[in-house]
Participant: 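Encoded as structure tokens, here's the structure I'll be asking about.
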Amino acid sequence: MPELPEVETVRRGLLSLIVGRSVKAVEHDTPKSFPNATADVERFLIGAKISDVRRRAKVLMIDLSTDYTLVIHLKMTGQMVFVAQPSDTSSLRFGAGHPNESLVGNLPDRSTRVTVTFEDGSHLYFNDQRKFGWVRLLPTLEVPNIDFMQKVGPEPLDADFTAEQFAERFKRRARTSIKAALLDQTVVAGVGNIYADESLWGAKIHPQRLVGNITPSEFVLLYAELRSVMNTAIEKGGSTDKNYVNAEGKRGSYLTFARVFRREGKPCPRCGTTIVKFKAAGRGTHICPHCQILSP
DNA sequence: CACTTGACCTGTCCGC
DNA sequence: TGCGGACAGGTCAAGT
């Protein structure tokens, strides 16, 4: 579930919560979660001070004073949660469904894969129910060289990323569906299932339309909708369906504003037609069958 | 090579 | 109530 807006929300939270703190200890459950050698951890992580928190696509990067970086992918159910005190339950006072509702109880819990303890006694927890996510410790200079960074497409929210560049990126996937192409991280970075559906609805494009049949003006519309939807989602603190929480363990509220995602059976906000859900590009897909038609 | 499907996991929900 | 199976979706490996 963490897509670009969710990872960006976590990044902003961590930036104000952990920069300047020094790492005292690190624990992890399985090598899959944190595959680094103990010697590297001892040498480049323990005692290091957090200097910056960055993001590229859906990948989070925590820079250390040792010129090493913690590279983190949350995949589907990953969370990065900072807790000032182990017994801090102040965030639990909000009711269920409230935008500030905490979705995490006392940490660590059974989903906790990595625990970072800082010198001042505060903690950073990497929780990941389904164990798809990972944390790796790499030299900062080597991060751009890992496979994912070499292949990933441009950042859709970059100020100098134009609609023309956006359309150009899709030419390599002309024979596939527009939804599959949107989800392809090598075309454009950071788009996942939620914002693919939301932006296609905004641009009135059926997800199964072939890329090669999308007109230039439709690409301009899709570009604008994608950026608009993602910016709105960042403002709302991201989308929380089940697991996603920000750096303080709190949910995001974008889904209360979603137009089609998880709204099957409800009316399209534009025309009132009932929204339907089906499978496209291997994913649950939501459309308005009146606004988004397959053949013109 | 271009593209699609399955695997990786666990918790939740649905139907019997 | 219990139980099996479908489902959730980011990415990579394997298959068509």
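The shown structure was predicted, so the numbers you read here are calculated from the model rather than taken from an experiment. Sequence lines set the chain letters: A, B, ... in the order given, protein chains first and strands last, and positions in each chain run from 1.
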Participant: Return the value, rounded to whole Å, for the distance between atom NZ of A:Lys277 and atom P of B:dC13.
Facilitator: 13 Å
Participant: Any N or O donor-acceptor pair under 3.5 Å from the base of C:dA8 to the side chain of A:Arg283?
Facilitator: no
Participant: Provide, to the nearest angstrom, the distance between the CG atom belonging to A:Asp184 and the P atom belonging to C:dC12.
Facilitator: 10 Å
Participant: Contact class for A:Tyr195 vs. all strands (heavy atom < 4.0 Å): base, sugar-phosphate, or nothing?
Facilitator: nothing
Participant: Could you check whether A:Gly284 gets within reach of a base, just the sugar-phosphate, or nothing at all, counting any heavy atom under 4.0 Å?
Facilitator: sugar-phosphate
Participant: Of all the nucleotides listed (B:dG11, B:dC9, B:dT4), which has the minimum atom distance to the side chain of A:Arg130?
Facilitator: B:dC9
Participant: Can A:Arg270 be said to sit on top of A:Trp201's aromatic six-ring, NZ or CZ under 6.0 Å from centre and within 45° of the ring axis?
Facilitator: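 Geometry flag: set, cation within 6.0 Å and 45°.
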Participant: Quickly work out the A:Tyr244 OH to C:dG10 P distance and round it to whole Å.
Facilitator: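 Result: 14 Å.
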Participant: Between P on C:dC12 and CG on A:Leu183, what's the gap in Å once rounded to a whole number?
Facilitator: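 Between P of C:dC12 and CG of A:Leu183: 14 Å.
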Participant: Between A:Thr176 and A:Lys242, just flag the one whose closest nucleotide in DNA chain B comes earlier from the 5' side.
Facilitator: A:Thr176
Participant: Are side-chain heavy atoms of A:Val81 and A:Leu124 found at a separation under 4.5 Å?
Facilitator: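 A side-chain contact is absent here, since even the closest heavy-atom pair is not under 4.5 Å.
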Participant: Strictly below 4.0 Å: does A:Arg172 bring a side-chain N or O up to OP1 or OP2 of B:dC1?
Facilitator: no
Participant: Calculate the interatomic distance between A:Phe126 atom CZ and B:dC9 atom P; express it in whole Å.
Facilitator: 13 Å
Participant: Using a 3.5 Å distance criterion without hydrogens, assess whether the side chain of A:Asn246 forms a donor-acceptor pair with backbone atoms of A:Thr9.
Facilitator: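 No.
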Participant: Taking a pair as Watson-Crick or G-U wobble with both distances under 3.5 Å, which nucleotide is matched to B:dT12?
Facilitator: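 Because both required distances fall under 3.5 Å, B:dT12 counts as paired with C:dA6.
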Participant: Between A:Lys58 and C:dT11, does any side-chain N or O lie under 4.0 Å from OP1 or OP2?
Facilitator: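 It does, given that an N or O in the side chain of A:Lys58 lies less than 4.0 Å from OP1 or OP2 of C:dT11.
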Participant: Drop me the distance from A:Thr176's OG1 to A:Leu210's CG, to the nearest 0.5 angstrom.
Facilitator: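 Output value for this atom pair is 7.5 Å.
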Participant: Work out how far the P atom of C:dC7 is from that of B:dT5, and round it to whole angstrom.
Facilitator: 15 Å
Participant: Name the residue from A:Thr112, A:Thr115, A:Thr117 that meets the side chain to side chain donor-acceptor pair (under 3.5 Å) definition with A:His123.
Facilitator: A:Thr117
Participant: Using atom C1' of each nucleotide, how far apart are C:dA6 and B:dG6 to the nearest Å?
Facilitator: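 That atom pair is separated by 16 Å.
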Participant: OP1 or OP2 of C:dT11 versus the side-chain N and O atoms of A:Lys131: is any pair under 4.0 Å?
Facilitator: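 Answer is no, no contact under 4.0 Å.
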Participant: Does A:Gly192 reach a base, just sugar-phosphate, or nothing at all? Heavy atoms under 4.0 Å.
Facilitator: sugar-phosphate
Participant: By centroid distance (under 5.5 Å) and plane angle (under 30°), are A:Phe132 and C:dT11 in a stacked arrangement?
Facilitator: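 No, A:Phe132 does not stack on the base of C:dT11.
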Participant: Just how far, in rounded Å, is C1' of C:dC12 from NZ of A:Lys151?
Facilitator: 8 Å
Participant: Would you mind classifying the nucleic acid contact of A:Arg113 as base, sugar-phosphate or nothing, using non-hydrogen atoms under 4.0 angstrom?
Facilitator: nothing
Participant: So do A:Pro5 and A:Tyr195 actually touch side chain to side chain, heavy atoms under 4.5 Å?
Facilitator: yes
Participant: Can you tell me if A:Gln185 touches the phosphate of C:dG10, counting only side-chain N or O atoms and a distance under 4.0 Å to OP1 or OP2?
Facilitator: no
Participant: So, is A:Lys32 near the phosphate of B:dC9, with a side-chain N or O under 4.0 Å from OP1 or OP2?
Facilitator: yes
Participant: Could you please name the option among C:dA8, C:dG10, C:dC12 that lies closest to any side-chain atom of A:Glu3?
Facilitator: C:dG10
Participant: Just to confirm, is there a sub-4.0 Å distance from OP1 or OP2 of C:dG10 to any side-chain nitrogen or oxygen of A:His73?
Facilitator: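 No, no such contact exists.
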Participant: If you measure from the P atom in C:dT11 to the same atom in B:dC1, how many Å do you get, rounded?
Facilitator: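 About 23 Å, rounded to a whole number of Å.
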Participant: Could you tell me how far apart A:Phe170 (CZ) and B:dA2 (C1') are, to the nearest whole angstrom?
Facilitator: 16 Å
Participant: Nearest to the side chain of A:Phe148, which nucleotide is it out of C:dG10, B:dG11, C:dC12?
Facilitator: C:dC12
Participant: Write down the distance between CG (A:Asp197) and P (C:dG10), rounded to a whole number of angstrom.
Facilitator: 10 Å
Participant: Could you tell me whether the side chain of A:Ser33 reaches within less than 4.5 Å of the side chain of A:Lys131, counting heavy atoms only?
Facilitator: no
